[in-house]
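Remember, it's a predicted structure, so these values are computed and weren't measured experimentally.
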Amino acid sequence: MPELPDVEGFRRIMADHAVGTRIADVVTLDTGVLHGVSVRRLRATLRGERFEPPRRVGKWLIAPVTGGAVVVLHFGMTGSLDWGDGPDGRQRHDRVVFVVGDGELRYRDQRKLQGLWLLRAGAQLERLLDGTGPDALEVPRSRFTELLAARRQVKPLLADQSVVAGLGNLLVDEILWRGKVNPRAPAASVDADALHRQMRRVLRSAVRAGRVPPRPSWLTGRRDEPSGSCARCGTTLSHGRVGGRAPCGARTASPVDDPRESGKPVP
DNA sequence: CGGCGTGTTCAGAA
DNA sequence: CTTCTGAACACGCC
């Protein structure tokens, strides 16, 4: 689920509930999500400190605490951050719980593809983020245009976090479909200005909704159905995989020889 | 059992 | 050298 807008939603949850009040405890329910930190050290470092306002870069959630440490969360494909008023309501895949203020913040992740880092603010944090491109909501149009001047296929390029950070499979499909751009087209061949505009539109509406398919009208929703159809022309959508990723909702595999596959213009 | 996936990463092929 | 593909990671759901 988590792409830029989802992580932005998690950031807000944290900002609204957990900033400024003392961290009473840190409960690690599954050590499998900890990267380079022990249960003991995580707890000892955070207990008694307070979260400072969290920020986000691409799909990374960065939560500094008083005392100079930084909690970094990545949500992989199945992660989320949830607020609860007490220990009641914890779920099976809650991996780390921060007891703070009048409730608790729960880092949940079914598949544990990513996890949690505890770093020192500064060089250590920068090293982790090194190689992460500019955030998709921050990148200026001029810079975006430069990044698109590449021979690579446009879909894998946009989904590459080292190029632009925050876009995933769903968002890229939606952006390209709205822009009537073939996902396999060479990046340099597409109208960068128009694509930048589409990207911002798509991101804005998803961020406002706080989640990634904000409405069922998105391309994603239509592909769920056995014979999803194009919202523009009604043509039945076909799909193939680009850069090793199938469009979301794809149930049947059919080769893409028809230009009208997910994301391609339909006159 | 087999296939799939809104995440990243890596080896090896084109 | 660059670009792309497929597998791997871990887990639940068809």
Side-chain angles (χ1 to χ4, degrees), chain A residues 1-10 29-36 56-61 72-81 91-95 107-117 128-133 136 147-177 182-189 199 202-203 205-207 209-216 218-226 228 239-256 262-263:
Chain A
M1 178 201 295
E3 300 184 53
L4 185 156
D6 307 280
V7 180
E8 184 59 23
F10 303 149
L29 301 166
D30 186 328
T31 60
V33 297
L34 301 187
H35 292 269
R56 182 191 57 71
V57 176
K59 300 170 186 173
W60 293 100
L61 181 59
V72 180
L73 298 174
H74 195 294
F75 300 90
M77 275 204 289
T78 52
S80 64
L81 194 68
Q91 295 186 19
R92 191 200 329 206
H93 300 111
D94 289 342
R95 310 297 188 185
Y107 173 68
R108 180 173 305 147
D109 191 6
Q110 180 200 111
R111 284 177 65 182
K112 298 189 285 186
L113 289 174
Q114 296 293 323
L116 177 158
W117 289 253
L128 183 78
L129 296 178
D130 192 43
T132 301
L147 294 169
L148 277 181
R151 264 178 276 287
R152 302 172 55 186
Q153 297 175 334
V154 66
K155 172 168 175 175
L157 179 120
L158 287 179
D160 184 339
Q161 303 301 296
S162 69
V163 175
V164 176
L167 307 179
N169 201 15
L170 254 70
L171 284 171
V172 172
D173 278 354
E174 185 71 19
I175 291 163
L176 294 177
W177 177 69
N182 187 322
R184 290 186 202 274
S189 75
M199 177 173 78
V202 167
L203 283 174
S205 73
V207 164
R211 59 202 205 83
V212 143
R215 294 185 305 281
W218 272 34
L219 187 57
T220 306
R222 317 189 133 261
R223 281 175 301 193
D224 268 352
E225 301 144 34
H239 35 75
R241 64 178 63 223
V242 180
R245 316 234 101 220
C248 176
R251 296 255 166 95
T252 61
S254 71
V256 184
S262 66

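Going from atom CG of A:Leu167 over to atom P of B:dT6 covers 15 Å, rounded to whole Å. Atom CG of A:Leu113 is separated from atom P of B:dT9 by 12 Å (rounded to the nearest Å). We find that CG of A:Leu116 is positioned 16 Å from C1' of B:dG7, with the value rounded to whole Å. For the pair A:Leu61 CG and B:dG7 P, the computed distance is 17 Å after rounding to whole Å. One atom, CD of A:Gln161, and another, P of B:dT6, lie 14 Å apart when rounded to the nearest Å. Look at CG on A:Asp109: it is 11 Å from P on C:dG12, rounded to the nearest Å. Summarising the geometry, the separation between CG on A:Asp30 and P on C:dG12 is reported as 11 Å, rounded to the nearest angstrom. Protein atom CG of A:Leu157 is 9 Å distant from nucleotide atom P of C:dC4, rounded to whole Å.
A side-chain donor from one of A:Asn169 and A:Lys155 sits under 3.5 Å from a side-chain acceptor of the other.
A donor-acceptor distance shorter than 3.5 angstrom exists from the side chain of A:Asp6 to the backbone of A:Glu3, with no hydrogens or angles considered. A:Tyr107 contributes no side-chain N or O that, together with a main-chain N or O of A:Phe75, makes up a donor-acceptor pair within less than 3.5 Å.
Out of C:dG12, C:dC9, B:dT6, the shortest distance to the side chain of A:Asn169 is found at B:dT6. Looking at the side chain of A:Arg95, the nearest of the listed nucleotides C:dT5, C:dC11, B:dG7 is C:dC11. Out of B:dG7, C:dC11, B:dT6, the shortest distance to the side chain of A:His93 is found at C:dC11.
Atom C1' of C:dA7 sits at a distance of 16 Å from the matching atom of B:dG2, rounded to the whole Å. As rounded to the nearest Å, C:dG6 and B:dG3 have P atoms that lie 14 Å from one another.
Residue A:Lys112 has a polar side-chain atom (N or O) positioned under 4.0 Å from OP1 or OP2 of C:dC11. Taking only side-chain nitrogens and oxygens, A:Arg152 comes nearer than 4.0 Å to OP1 or OP2 of C:dC4. A sub-4.0 Å separation between OP1 or OP2 of C:dT3 and a side-chain N or O of A:Gln153 is absent.
Where A:Ala159 and A:Gln110 meet DNA chain B, the nucleotide closest to each residue was compared, and A:Gln110 sits on the side nearer the 5' end.
With rounding to the nearest 0.5 Å, the separation of CG in A:Leu73 from CD in A:Gln114 is 11.0 Å. If you take OG1 on A:Thr78 and CZ on A:Arg108, they are separated by 11.0 Å, rounding to the nearest 0.5 Å.
Of the candidates A:Leu170, A:Leu176, A:Ile175, A:Val172 forms a side chain to side chain contact (heavy atoms under 4.5 Å, CB included) with just one, namely A:Leu176.
Annotated stems with DNA chain C as a participant read B:2-5 with C:11-14, B:7-14 with C:2-9, given as range with range, by first number; only runs of 3 or more Watson-Crick or G-U pairs under 3.5 Å qualify.
Nearest heavy-atom pair across A:Gly79 and A:Asp109 is N-OD1, 3.3 Å.
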